[in-house]
Each structure stands twice: as C-alpha cells, then as structure tokens.
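Naming convention: chains lettered A, B, ... in sequence-line order (proteins, then strands); numbering from 1 in each chain.
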Number of protein chains: 2
Amino acid sequence: MKIGLRHIRYFLVLAEDLNFRRASEHLHISQPALTRTIQHLEAELQVTLFDRSQNFVRLTDAGRAFREGGQRVLNGMEATIDLTRRVSIGEAGALRVGYTDFAIADALPELLKRFHQEHPGITVRPHHGVTATQLQELKDDKLDIGFVTGPVRQPGFQSRVVQTDRPICIVPEGHRLASRKSVALADLADEDFVHGPAEAWAHFYDYLFPLCRKAGFQPRIVQEAFNSVGILGLVSCGMGITILTESIYDFGTGGLVPLPIRDVADVMVTEAVWVSENLRLPTQHFVDFLEHQENS
Amino acid sequence: MKIGLRHIRYFLVLAEDLNFRRASEHLHISQPALTRTIQHLEAELQVTLFDRSQNFVRLTDAGRAFREGGQRVLNGMEATIDLTRRVSIGEAGALRVGYTDFAIADALPELLKRFHQEHPGITVRPHHGVTATQLQELKDDKLDIGFVTGPVRQPGFQSRVVQTDRPICIVPEGHRLASRKSVALADLADEDFVHGPAEAWAHFYDYLFPLCRKAGFQPRIVQEAFNSVGILGLVSCGMGITILTESIYDFGTGGLVPLPIRDVADVMVTEAVWVSENLRLPTQHFVDFLEHQENS
DNA sequence: AGTTTCTGATGCATAATAGGTATCATGAAA
DNA sequence: TTTCATGATACCTATTATGCATCAGAAACT
C-alpha cells in the first residue's frame, strides 16, 4: 500500500475535528472508511498519528509533524494544479524577450510595463542581443519575441514597427563641428568614425551606409567598440565621431555634443519580431497586445 | 476522478523518458496503464501535458510547469514522511526548556550545547521564567524541562541537580563594606536590600531567608526589581545591596563590588525538573542525557 | 442499577479504480 | 513493400476504497 493525497486529506480533516464521526461527515464518507484509511496511513508510516480512546482523539507529536508537512504538500499540489491550468490557457508563463541597445533605450521599457499590467501572470525574461543573434535565437526557439533593428523581411518572421529614430551625429566637445546647430551628412565625409563590430551591427549598417553612399562618401571606421556605451566612450575620448540615435545619446556620460543631421529623412526603425507559426500562448498574447497598441 | 501522487510519479518518469514504453518499464507497469494514467491526469487537469505523435513525445509549456510543481510536491511528501517517522522515534522534535536567570548564567548553555550535539534533530525552544511559573507550565504541558531554583520536592515532579552556587554579597563601589575582603552574614543586618518581587522570587527567598534568620536578622527589602539585571542596576545606583550568586554577578555592568560571605556553607541549587509520567520522547532523551552527565 | 447514547473498530459485500494482455492504427526505416 | 516502433483502445482481472450493519467500551442520563 502507498500513501496518497487521499490519506493526507482525510488525516487533515480528522486532525482538525479530532472526532472520527464528525470528520467522516465533513468528508462525505462513512466513519468506518475514515477509520480504516487512518489505520492504513499509520500502518504505512509505521507511526501512530493519533492517541485514541472512546473519549477523546488527539494528535501525537508525530501526528503534529505530519499535519504540518501534509498541509504543505496539499497546498503545493493545489498551487501546482492552478499554475498548470493558468499556463495552459496563457494566463501564466514566461516570455523571452530579446532587445537591442536601441530598443531598451526608448520604447521597450514602457511597452513591457504595460504588457505586465495586462498580463501580470506572465514573467518577462529579457535577453540582450544584437539583431542577427536575436533572429537566430528566434529560429532556435530560444526567444519568443525579438526587438531588433529593422526592417526584417526574412521569410518565417512577422514583425511590427515599435519605434522610429532619427539618426544624429555625435561629436566630442571641442570638435570642429561641435559648435554647429546641425550638420549635413556630406559634412562628415572626411571624419573618422567609431562604430560597433561589422558582423554584430550589420543591421544598423544596412540602414546607415546607403544614406552615406547617397551623400557621396563611405564612412571610414577607425575604431570598433563592443556596444553603444563603448562607442560613446571612444567618441568622448576624441577617437572619432559616430552616428547613432537620440535615445542612445541620452546614455552618454558627458563630453559629447549631439548634432541633428538635416538632410536625412529616412528613420531607423526598431521592430518587434516573432516567428510566424506555432506561437506559444504568452507570445500570442504579446502579439495581440502589440496590435492594440497602435492607438497610443 | 482525483489527481493523486501516483499520477505525479508516473508523469515525472514519462517527462524524463519522453517515451511511453520505456517509462512504463521504469515504472514496472504496462504501457497501456501508463497511457491511461496520463490521459486521466490530463482530463482531470483539462490540460494537455504532452505533445504526442508516433515519432516523439514532448512536454508542453503547461507540462513543464506541472513537472516543476509535481517534483516539489513529491519531494515535500517524502520529506514529510521522513520527518514524521523521525519524530515518532524521537530523532526529531522540539524540546521546550524553561530557565531562570541563575541557570542561564552558568550550567545551561554548555548543557544544551552538548545535548544538541548528541541529538541534532531535536530543536530546543528556550522559555525564560521564574521557578513557580515553570513548575506550573510543566503541569500544564507547556514545558518539557524546567531549570529552576531547587530543591523541588513537589509530588509529580522529578528533578536532578545541575548547578550549585554559593551566595555572594554585592555592594556598590564606595559602600562602607566595599573595601572588605569578605563579610559575615550578620554584617548585613542593618543594610537596605534590593531584590526581586516576592511572588516570582519565592524560591530564592526560601533559600536566602532562613540563612539570614539563623544569622539573627530579617533582610529589609527597600527596592524590588523585575529581574537580576534590574537588581544589579539598582545596586550600582546605590539603592541598596543584594545577595546573589557569582555567575549572575558576572552579568553586572560595573560599579559593583562582590564580597564572599564567609559563614554560609549552604549552596543554592539549580535543578532540572520534569513531570514524572508520560514523557514525550525528546524529554525522555533529555532525561537520559542528564543521567550520563554525572561523570563530567 | 439500568438504559441510552456517545465513541472508535470490525466483518462482509459492493463499487470504483488500476493493471495486464491482446490488438489496432500510424508513421518511419529498411 | 515490408518491417518495426510508436501510442491508443478493448476487454477482462486484481486491487483498493466504500458503505452498511454491527460490536465493544465508556460516559451520561433516568
């Protein structure tokens, strides 16, 4: 014979009532059924849980220990069933969200905050990563939603623009352009540029380089930093200038001058991306959530 | 139908193997039995736990949630059974120990430390209280062992001496007796005394007053403090002198002078006390432990 | 003192549940 | 195509839980 949850349920009611007949009524079973269930439980444990006589029933020390543990087990069981059900209908669960420096600097925090308000049971797990990494992780089912530099037009993905940024030129204090109110892209043709590594920042370059080509030059990149914070650091050291977005610039630590670029109309888009099929429920909820964000 | 531990056990093995046949072999049941148990579990939860096809079986998100919770429930069950068994044989449990200021100041800490080494599963719960309180709590089964000022000779109790203290006289610095090396009891006949309230300290008075009477005086108590720390505080303020034990004096905060009393041979005993019958197992263990302490 | 009325325990028959064997349907590999 | 492995189903059996009737002992009332 094996101890089951039934034994615990019966035991706990009896431990409460300390009376076999009343407990059996609360359990909607007959008194002999309760008596024997408790006997089986005690036999299996090889422990006397109740001191009984015709006049009184009371817990032994071991019975008290079993009551505490049994209560915990039952609570845990109930919580597990509830959680499982809520996960199955998408009320609970985890959502793995990838983000770039550009996304985390602007739209993402507010978006995740609102999502959490609408779906408090879903835990958001943020994963930092550049666009290419995120797209691969989406394919490998390591990620549910990516926030990447767009536009993404690969088959198998769906996406939605969540953020648009105008590029700005960032120069160190004392730079020859630092006193300007704005610059034209062609003004930067002869400058040294600081940027991220080519592979990781490919999607940003896809946006930036065509603009420069139209302006008649190819940026000369003299320094590569690991991320946007590093880029800003190198710029403020006077290693060169860079082109980033306003939101990223806000993370700079000083010693920097932002310059609008007046002849660039194209914006850099950040998109939420997800794989087209077999969405997990939390992902589906997030996609639905994104849809009705268009009003705001 | 109700979910039982059986369902969880089967589920967890299947979640491990992800193969009905192999899992059924590990469980020493037939494959159809496992199939149906999982079906029942899913039906009861109204949740699909496994994606199945002829080629693969894999957990759903809900299945993963259930696996975590189920594992916790099973672990909790096992721990509960184990603890209950250990409580029933006295390997685990709680021991409610009462103590006086005199006991805690000397023998008790070392004694409890050794007891804990011999019975690591038993949790000692200390309760401070004067002798009379402890004896009442022992009767009411609020306490398992009391450490009280003896001798205790009431029926229904058993006791064992664990500590003997010689009384010392404590006077404030600058007192007329402060420069003595020792005093005789009769020297104190005309002093003001500071002591604890009569009801609570009855057992200490039972020891002290007869000694004074033999020396030809009745102590004049001018101040009552709540406990021994308070007594020492009032003495150091110059409110009077007191008679306590050396171990208690060590807790004083300074400004005090201890004086041996040279003509008192009787010691004040502190005893461990317990009720004579129906000892709980941890109590029995402690009593046995006390017995073989006599060597030390 | 006798009777009623509680208590928990037990014997026996029945109902509910779990399990085993044989077999089916389906998809992948040979 | 055949073979093999998978999980699902049908049918019967074994195990376990339950209810009913009843017992035995103690307490409370008459």
message = side-chain hydrogen bond (donor to acceptor under 3.5 Å, both in side chains) for A:Gln31 and A:Thr35? Distances and angles first, verdict last.
response = CA-CA 6 Å; A:Gln31 171 263 316; A:Thr35 289; 2.9 Å; yes
Audit row: A:His128, A:Asn227, side-chain hydrogen bond (donor to acceptor under 3.5 Å, both in side chains) steps and yes/no = CA-CA 11 Å; A:His128 182 274; A:Asn227 57 26; over 6 Å; no
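Computed from coordinates, the B:His28 NE2 to C:dG20 P distance equals 11 Å when rounded to whole Å. For the pair B:Arg52 CZ and C:dG27 P, the interatomic distance rounds to 16 Å; values are reported in whole Å. One can place CZ of B:Phe20 at 11 Å from P of D:dT9, the figure rounded to the nearest angstrom.
Side-chain contact between B:Phe66 and B:Leu41: present, with at least one pair of heavy atoms (C-beta onward) separated by less than 4.5 Å.
Within 4.0 Å (heavy atoms only), B:Arg6 reaches sugar-phosphate atoms of the nucleic acid but no base atom. Nucleic acid contact for A:Tyr10: sugar-phosphate only, since backbone atoms but no base atoms lie under 4.0 Å from a heavy atom of the residue.
Remark: A:Arg6 is positioned above the aromatic ring of A:Tyr10, its terminal NZ or CZ atom under 6.0 angstrom from the ring centre and at most 45 degrees off the axis.
Between the side chain of B:Gln31 and the base of D:dA8, a donor-acceptor pair under 3.5 Å is found. Taking 3.5 Å as the limit, the base of D:dG19 and the side chain of A:Arg36 contain a donor-acceptor pair of atoms between them.
Nearest-nucleotide positions on DNA chain C for B:Arg21 and B:Ala33 put B:Ala33 closer to the 5' end.
The nucleotide whose nearest atom lies closest to any side-chain atom of A:Ser30 is, among D:dT18, D:dA10, C:dT10, D:dT18.
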